[in-house]
Amino acid sequence: MNATDGLAVRDLAVNYGPVRALRGVSLEVPRGDVVAVLGGNGAGKSTLLRAISATLRFQRGGISAGEITFGGARLSGTAAAAVVAKGVVQVPEGRRVFARMTVEENLRAGALGVRDRRGTAKARDRVLALFPVLAERAGQRAGLLSGGEQQMLAIGRALMARPKALLLDEPTLGLAPMMATRIAETIREINAQGTSVLLVEQNAALALALASRAYVLEVGEVVLSGPAAELAASDEVRRRYLGITADEVTGRPAVTRPSLSRWSA
Ligand SMILES: Nc1ncnc2c1ncn2[C@@H]1O[C@H](COP(=O)(O)OP(=O)(O)OP(=O)(O)O)[C@@H](O)[C@H]1O
Ligand SMILES: [Mg+2]
């Protein structure tokens, strides 16, 4: 794995005023990979994505230590629009489509600031191929779409900026299982088309099925990281994030998994 090739977060600390939300967080998203970040409410998952997308200041937060780079170039310290221009685009938590604007206008908003008209037309074709329902609803107000369709629109809007890396904040939250599965399939497809993905999810089973590596955040720190398949098999992750009871866990033969690295101070 080449640290200068993909997205790299090193020793990141983030505060909201006196509240420290992240400390000593390091992670990497190698180019072309899907990397998952798991963790409970308030663990700092959204804060991590906001730090990468340079949108912390809109929440009165700021980076107090550490560095974020993409393809070797510094993202931390630049403006949100510059991060998008470098190819890193976030789909925020809670979808946040422009409800009173049409589907088409929402998509166009995703390409604001992109000068390359042919590139934008190609991006639009890609989005409508991924989500045909958005073509059917092009003239409809976004607020009238179902939750799943709004999530598709939010992802589609982000893809209009032609990201090299996509940051997804709980894309399946509140969706019915079938819709969550569809979103997961789409994330896989977007990745297969060459876009790296940093996926924040509370649905650990879904995230670990998609990702090659995963990190577990607890109270602002990385407490566990490793290959997704190994995390999915670890007793701690099974118990805490996959809803498997202690009895079921102890019923399994003990396996040592040396490549999982545990954070320690
Ligand atoms: N704008 C803010 N001002 C002050 N504190 C904040 C702000 N946003 C988040 N926090 C705090 O920072 C910590 C991390 O929050 P964050 O939203 O990043 O967690 P999360 O893992 O995304 O949680 P969830 O699963 O609920 O979305 C929490 O303690 C939260 O209360
Ligand atoms: Mg969050």
Side-chain angles (χ1 to χ4, degrees), residues 7-29 34-68 75-76 79-80 83 88-97 147-148 150-151 153-155 157-158 165-177 179-180 183-184 187 197-211 213-226 228 231 236-237 239-243 263 265:
L7 180 65
V9 174
R10 284 185 211 97
D11 263 333
L12 184 70
V14 170
N15 284 61
Y16 296 101
V19 179
R20 166 145 297 189
L22 293 179
R23 92 175 64 210
V25 170
S26 295
L27 68 79
E28 279 182 25
V29 184
V34 178
V35 171
V37 176
L38 312 177
N41 291 117
K45 306 181 299 297
S46 298
T47 299
L48 171 65
L49 295 192
R50 286 183 201 130
I52 296 169
S53 62
T55 54
L56 273 173
R57 68 196 72 172
F58 305 126
Q59 308 278 332
R60 297 177 185 280
I63 294 176
S64 43
E67 190 183 53
I68 302 168
L75 294 186
S76 35
V83 174
V88 179
V89 180
Q90 182 180 4
V91 180
E93 194 175 26
R95 330 199 206 289
R96 309 242 191 85
V97 297
Q150 288 189 21
Q151 185 62 59
L153 180 56
I155 295 174
R157 189 177 56 187
L166 193 61
L167 314 176
L168 293 167
D169 197 346
E170 310 221 28
T172 71
L173 189 69
L175 302 182
M179 184 54 86
I183 297 288
I187 294 168
V197 176
L198 181 56
L199 172 64
V200 160
E201 262 296 337
Q202 289 211 27
N203 184 338
L206 181 144
L208 291 173
L210 283 174
R213 293 182 65 79
Y215 294 79
V216 178
L217 268 184
E218 267 174 31
V219 220
E221 296 180 273
V222 174
V223 293
L224 202 59
S225 67
L231 276 179
E236 184 175 345
V237 170
R239 192 166 46 227
R240 298 189 65 160
Y241 297 101
L242 297 172
W263 180 88

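Residues take their numbers from the sequence shown, with the count starting at 1. Atoms within a ligand are numbered from 1 in the order they appear, just like the ligands themselves. Here the structure is a predicted model, which is why all the values come from computation and not from measurement.
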| query | Looking at the Mg ion (ligand 2), which N/O/S atom of Glu93 is the nearest one? | reply | OE2

| Taking all non-hydrogen atoms of both residues, which atom of Val91 and which atom of Ala158 are closest, and how far apart? | CG2-CB, 3.5 Å

| field | Nearest heavy-atom neighbours spanning Gly39 and Lys45 | value | O-NZ, 3.0 Å

| request: Might you list the protein residues in contact with ligand 1, defined as having a heavy atom under 4.0 Å from one of its atoms, sorted by chain and number? | output: Tyr16, Ala21, Gly40, Asn41, Gly42, Ala43, Gly44, Lys45, Ser46, Thr47, Arg50, Gln59, Glu93, Glu170, Gln202

| message | Can you give me the closest heavy-atom contact between Ser76 and Ile68, atom names plus distance? | response | OG-N, 2.9 Å

| message | For a quick test of reading the model, state the closest non-hydrogen atom pair linking Leu217 to Val222 and the distance between them. | response | CD2-N, 3.8 Å

| query | Backbone or side chain, does Thr47 get an N/O/S atom under 2.8 Å to the Mg ion (ligand 2)? | reply | no

| Which heavy atom in Ala80 sits nearest to a heavy atom in Phe58, and how many Å separate them? | CB-CE1, 4.4 Å

| task | For the pair Ser26 (side chain) and Asp11 (backbone), establish whether a donor and an acceptor sit closer than 3.5 Å, ignoring hydrogens and angles. | result | yes

| Distance-minimising heavy-atom pair for Leu167 and Val88 | CD1-CG1, 3.8 Å

